[in-house]
Amino acid sequence: SGREQPAENKPQPVSPGEALTYDVNWSVFPAGKLTATLSRDKDGPGDAFLVTTTAQSQGFVSLLYKVQDEFQSVFNPETLCSIQISKQINEGSRHKITKITFDRGLAILDEHDVGGGDNPPKHDEHEIPACAQDIITAFYYVRSQPLQVGQGVKLAINDGSKTKIVVAAITGRKKIQTPLGDREALRVEPSVFGNLYEKKKGKIVIWFSDDEYHFPLRIRASLK
């Protein structure tokens, strides 16, 4: 009939049970695997969602620079504001555990080195707006928005320091090849460089499926 579905019957962009798996490539080399699994946080507040993200290097690249990371990000499924993110980082000689809690207008960071170094534990607190995303929930926040070419999504992202405002601009639409076949996709370019990561230069392009789920189909980063 062409009528819109009632809001309560529309599919939600994200829901518990979703598992996303990606091949990671560095230049022409297969570099590893990345997974993101969404569930309910049984140990957290209310009906919070939990995203468990793992990144593991493989093959030749793992011999050069071994990576085995795990992030656990908890967020409010209604507002998509981040509640907490925990990171276990194992990258080359770097081994550390980081926890950032978003509470009462503050991002509270606690971090310690578990690699046997002499770095003392780090504690830091920074003011945040009423709703902020961490580096994982930012993807889910963008997915929840009505993405339209020529428009943009503004995010307040905090990774344990000062909050940065990032604009994810929707710059185009085209059909791309994926392991699931050809899919119509929206090209999104977040303004992270010169903003969130001031000391680095590069570019990130993310292709989201042009449907009600906005799956991240492909991420391409050009980094120095």
Side-chain angles (χ1 to χ4, degrees), residues 13-14 20 22 24-27 31 34 36 38 49 51 53 55 67 69 71 73-77 79-85 87 89 91 98 100-102 105-109 111 124-176 178 183-224:
V14 297
L20 305 175
Y22 298 89
V24 181
N25 297 290
W26 173 46
S27 187
L34 187 146
L38 182 64
F49 282 4
V51 185
T53 306
V67 173
D69 295 343
F71 293 6
S73 182
V74 181
F75 67 96
N76 183 313
T79 63
L80 283 87
C81 305
S82 184
I83 297 170
Q84 177 181 289
I85 182 169
K87 310 178 191 179
I89 302 293
E91 300 175 351
T98 303
I100 307 168
T101 302
F102 301 91
L106 291 175
I108 304 167
L109 176 141
E111 180 176 280
D124 209 353
E125 298 184 5
H126 290 276
E127 291 185 0
I128 58 172
C131 182
Q133 281 74 46
D134 60 56
I135 58 174
I136 300 298
T137 61
F139 284 87
Y140 294 86
Y141 182 84
V142 172
R143 289 178 60 186
S144 73
Q145 303 302 304
L147 306 182
Q148 300 289 336
V149 175
Q151 298 182 6
V153 177
K154 184 180 291 187
L155 305 92
I157 300 182
N158 187 287
D159 195 33
S161 57
K162 292 183 179 180
T163 301
K164 301 297 180 182
I165 303 302
V166 174
V167 177
I170 300 92
T171 59
R173 177 192 290 108
K174 76 170 185 177
K175 186 174 291 185
I176 65 171
T178 80
R183 293 291 180 92
E184 290 290 338
L186 296 163
R187 177 188 176 104
V188 177
E189 298 185 49
S191 61
V192 292
F193 295 103
N195 190 340
L196 182 60
Y197 303 108
E198 292 98 334
K199 297 181 181 179
K200 300 181 181 179
K201 295 184 181 298
K203 184 177 183 180
I204 292 180
V205 176
I206 308 167
W207 294 94
F208 290 92
S209 61
D210 188 14
D211 56 24
E212 64 268 30
Y213 298 106
H214 293 155
F215 292 118
L217 298 175
R218 178 189 299 165
I219 303 171
R220 179 169 293 167
S222 301
L223 307 174
K224 299 249 180 117

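Along the sequence shown, the residues carry numbers beginning at 1. The analysis underlying the following values was restricted to heavy atoms, covering all of them including side chains, and did not include hydrogens, waters or symmetry mates.
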Point-to-point distance, once rounded to the nearest 0.5 Å, from [atom1] of [X] to [atom2] of [Y]:
{"X": "E125", "Y": "I108", "atom1": "CD", "atom2": "CD1", "value": "5.0 Å"}
{"X": "D159", "Y": "I85", "atom1": "CG", "atom2": "CD1", "value": "7.0 Å"}
{"X": "L186", "Y": "K174", "atom1": "CG", "atom2": "NZ", "value": "12.5 Å"}

Checklist outcome for this item: Hits for salt bridge (charged side-chain N to carboxylate O under 4.0 Å, His left out) against R183, two or more places apart or cross-chain, chain-then-number order -> none

Next on the checklist: Which residues pass the salt bridge (charged side-chain N to carboxylate O under 4.0 Å, His left out) test with R218, not counting sequence neighbours?
Outcome noted: none

Sequence neighbours left out, what passes side chain to side chain donor-acceptor pair (under 3.5 Å) with [X]? Give chain and number order.
{"X": "D124", "answer": "H126"}
{"X": "E91", "answer": "R94"}
{"X": "Q145", "answer": "none"}
{"X": "T101", "answer": "none"}

Taking distance alone, no hydrogens or angles, what donor-acceptor pairs closer than 3.5 Å link side-chain atoms of residues 146-155 to residues at least two apart or in another chain?
none

Item to check | Partner set under side-chain contact (heavy atoms from CB on, under 4.5 Å) for A107, not counting sequence neighbours | outcome: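 With sequence neighbours excluded, A107 shows a side-chain contact (heavy atoms from CB on, under 4.5 Å) to I100, F102, I128, N158, given in chain and number order.
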
Checklist entry - Hey, are the side chains of W207 and R220 touching, using non-hydrogen atoms and a 4.5 Å cut-off? => result no

Next on the checklist: Do R187 and I176 have side chains that approach each other closer than 4.5 Å (heavy atoms only, starting at C-beta)?
Outcome noted: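 With C-beta onward as the side chain, the pair stays apart.
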
Checklist entry - What residues form a ring-ring contact (aromatic ring centres under 6.0 Å, His included) with Y141, not counting sequence neighbours? => result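 Result, ring-ring contact (aromatic ring centres under 6.0 Å, His included) vs Y141: none returned.
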
Item to check | Any residue meeting ring-ring contact (aromatic ring centres under 6.0 Å, His included) with F71, in chain and number order, not counting sequence neighbours | outcome: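 Partners of F71 under the ring-ring contact (aromatic ring centres under 6.0 Å, His included) test: none.
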
Checklist outcome for this item: Minimal heavy-atom distance between A168 and V188, with the atoms involved, is CB-CG1, 3.7 Å

Checklist entry - With distance as the sole test, does Y140 use its side chain to make a donor-acceptor pair with the main-chain N or O of F75 at under 3.5 Å? => result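 Checked: no pair found.
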
Next on the checklist: Filter on salt bridge (Lys or Arg N to Asp or Glu O under 4.0 Å), then keep only pairs touching residues 138-147, sequence neighbours left out; what's left?
Outcome noted: E18-R143

Review item, side-chain donor-acceptor pairs of residues 129-139, under 3.5 Å, at least two apart:
residue	atom	partner	partner atom	Å
Q133	NE2	L80	O	3.1
D134	OD1	S73	OG	3.2
D134	OD1	I136	N	2.7
D134	OD1	T137	N	2.8
D134	OD1	T137	OG1	3.4
D134	OD2	S73	OG	2.6
D134	OD2	S82	OG	2.6
T137	OG1	D134	N	3.0

Checklist entry - Can R173 and E184 be said to form a salt bridge (Lys or Arg N to Asp or Glu O under 4.0 Å), step by step? => result CA-CA 7 Å; R173 177 192 290 108; E184 290 290 338; 5.5 Å; no

